[in-house]
Amino acid sequence: MRIDILGVGFDNLTMDETVAEAKRILDRGETCYCVTPNPEIVYEAKRDEGFRALLNGAALVLPDGVGVVLGAKLLKTPLKEKVSGVDFAERLAALLEGEERSLYLFGGKPGVAELAADKLRARYPKLDVCGAADGYYQDEAERLDGIRAAKPAVLFVCLGSPKQERFMRDHLRDLDGCLMVGLGGTLDAFAGTVKRAPVWMQKLGLEWFYRLIKEPRRFKRQLRLPKFVFAVLGERIRRKKDKSGMEEA
């Protein structure tokens with residue numbers, strides 16, 4: 001059962017449960033995609049029915065951000081925990097190394113995917129990174145051909161939202177037995193071109209604030225956070241009224 005937050009249904013799983021479910025998907029040889037919506041993405045999906053359906057069509061919908069977890073609490077339908085995209089990607093890399101399955105890195109600026117691949121190989125020596133390509137391309141078919149030729153078990157798609165989600169949906173039938181995961185700027189974190197917040201800030205749910213300090217140009221995007229909170233509060237009031245009306249009836 002998924003937890004509904006402004007029309008987006010999130011899988012109510014811990015990180016360990018999410019990794020276990022990813023393993024089951026790999027064992028079954030399914031071709032599917034996983035999304036990791038943060039509050040900004042959820043707010044956009046609230047206003048875009050097609051995008052919302054795209055997110056809900058994923059095999060896994062993971063709460064990437066403490067704001068999503070807070071929203072679930074405010075709606076009195078709590079999620080077990082935050083499952084951040086970058087941490088899930090790290091766990092997947094470890095799983096793939098142990099399972100002897102391959103990983104393809106797709107996205108980021110030129111050189112970032114290759115650098116991320118080098119860093120991952122250093123961390124997981126037996127990990128088969130079967131390919132890497134940047135997200136700056138003119139010919140999508142050419143990129144897709146390279147991915148298909150590599151035959152990865154898992155494809156990290158890091159093109160930013162909603163481009164990455166649309167890419168995964170559009171190419172479900174083009175990749176055989178591949179789990180695609182939309183991961184935004186995760187390759188930058190792996191490559192070290194963008195530093196993550198200190199662990200203490202991550203634990204306090206302040207990773208978004210750290211990124212804002214480091215990248216002030218994100219300020220306009222961050223304005224969606226209070227809009228998300230107000231939308232959640234409005235939804236809470238609406239649900240309460242609906243419940244009262246049903247009880248009176």
Side-chain angles (χ1 to χ4, degrees), residues 1-5 7-13 17-38 40-42 44-46 48-64 83-86 88-89 91-93 95-96 99 101-108 113 116-117 128-187:
M1 179 179 167
R2 286 181 167 178
I3 302 295
D4 183 291
I5 303 175
V8 177
F10 286 87
D11 290 292
N12 191 16
L13 304 170
E17 289 169 342
T18 301
V19 174
E21 182 56 33
K23 185 181 184 309
R24 281 191 285 271
I25 289 171
L26 291 170
D27 289 343
R28 292 192 295 262
E30 295 179 21
T31 301
C32 57
Y33 65 94
C34 165
V35 295
T36 56
N38 59 22
E40 298 168 38
I41 292 174
V42 174
E44 286 305 306
K46 178 182 183 295
D48 184 333
E49 184 179 350
F51 184 41
R52 190 164 66 249
L54 195 165
L55 294 176
N56 287 328
L60 285 169
V61 183
L62 309 178
D64 182 21
V83 181
S84 78
V86 65
F88 176 54
R91 291 285 300 273
L92 263 182
L95 172 67
L96 292 172
E99 295 272 316
R101 301 180 195 259
S102 59
L103 170 66
Y104 195 106
L105 308 180
F106 174 38
D128 177 13
V129 182
C130 62
D134 66 73
Y136 288 68
Y137 52 88
Q138 298 297 322
D139 188 348
E140 185 167 291
E142 183 180 340
R143 279 287 188 273
L144 183 63
D145 286 344
I147 295 167
R148 290 173 69 181
K151 298 181 180 178
V154 174
L155 172 65
F156 287 174
V157 185
C158 303
L159 304 175
S161 186
K163 186 177 181 180
Q164 62 193 20
E165 289 84 9
R166 288 173 179 154
F167 178 93
M168 294 188 294
R169 175 201 60 193
D170 292 347
H171 298 298
L172 266 176
R173 295 183 179 179
D174 297 318
L175 298 172
D176 185 31
C178 180
L179 169 60
M180 297 178 278
V181 189
L183 290 165
T186 292
L187 294 187

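The figures that follow rest on heavy atoms only: side chains count, while hydrogens, waters and symmetry mates do not.
Taking the charged nitrogens against the carboxylate oxygens, D170 and K163 have no contact shorter than 4.0 Å, which rules out a salt bridge. Using a 4.0 Å cut-off between a side-chain N of Lys or Arg and a carboxylate O of Asp or Glu, R91 and E21 do not qualify as a salt bridge.
In this structure, the side chains of C158 and L105 stay at 4.5 Å or more apart for every pair of heavy atoms. Here the side chains of V8 and V35 are not in contact, with every heavy-atom distance at 4.5 Å or above. With a 4.5 Å cut-off on side-chain heavy atoms, P63 and V83 count as touching. Between V157 and Y33 the shortest side-chain heavy-atom distance does not fall below 4.5 Å.
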TODO: Please report the C-alpha distance between L144 and Y137 in whole Å, then the side-chain angles of each, then the deciding distance to 0.1 Å, and finally whether the side-chain contact (heavy atoms from CB on, under 4.5 Å) criterion is met.
DONE: CA-CA 11 Å; L144 183 63; Y137 52 88; over 6 Å; no
Task: Test side-chain contact (heavy atoms from CB on, under 4.5 Å) applied to L13 and L60, step by step - done: CA-CA 10 Å; L13 304 170; L60 285 169; 4.0 Å; yes
TODO: Given side-chain contact (heavy atoms from CB on, under 4.5 Å), test F10 with N12 step by step and report yes or no.
DONE: CA-CA 6 Å; F10 286 87; N12 191 16; over 6 Å; no
TODO: Give the intermediate values and the outcome of salt bridge (Lys or Arg N to Asp or Glu O under 4.0 Å) for residues D48 and R52.
DONE: CA-CA 6 Å; D48 184 333; R52 190 164 66 249; over 6 Å; no
- [ ] Just do the side-chain contact (heavy atoms from CB on, under 4.5 Å) check on E165 and L55 with the steps written out, would you?
- [x] CA-CA 7 Å; E165 289 84 9; L55 294 176; 3.9 Å; yes
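T36 contributes no side-chain N or O that, together with a main-chain N or O of S84, makes up a donor-acceptor pair within less than 3.5 Å. The backbone N or O of G85 lies less than 3.5 Å from a partner atom in the side chain of D64, making a donor-acceptor pair. The main-chain N or O of V61 is found under 3.5 Å from a side-chain atom of D11 such that the two form a donor-acceptor pair. The backbone N or O of L96 sits nowhere less than 3.5 Å from a side-chain atom of D128 that would complete a donor-acceptor pair. At distances below 3.5 Å, not a single donor-acceptor pair connects side-chain atoms of R143 with backbone N or O atoms of F106.
We find the CZ-CG distance between R2 and D4 to be 11.0 Å, quoted to the nearest 0.5 Å. Within the model, atoms CG of L92 and CD of E99 stand 10.5 Å from one another, a figure rounded to the nearest 0.5 Å. Residue L155 holds its CG atom at 5.0 Å from CD1 of I147, rounded to the nearest 0.5 Å.
Summarising the geometry of S102 relative to K151, their closest heavy-atom pair is OG-O, 3.5 Å, with the distance given to 0.1 Å. The shortest heavy-atom contact between Y104 and A133 is OH-CB, 3.6 Å. The minimum heavy-atom distance between F88 and A22, with the atom names listed, is CZ-CB, 4.1 Å. The two residues G107 and L159 make their nearest non-hydrogen contact at CA-CD2, 3.9 Å. Closest non-hydrogen pair, A89 versus T186, comes out as CB-CG2, 4.0 Å. In this structure, R169 and L54 approach most closely via the heavy-atom pair NH1-CD1, 3.5 Å.
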Tabulate below the donor-acceptor pairs under 3.5 Å that side-chain atoms of residues 171-181 make, not counting sequence neighbours, or state none.
| from | atom 1 | to | atom 2 | distance (Å) |
| --- | --- | --- | --- | --- |
| H171 | ND1 | D174 | OD2 | 2.7 |
| H171 | NE2 | E140 | OE2 | 2.7 |

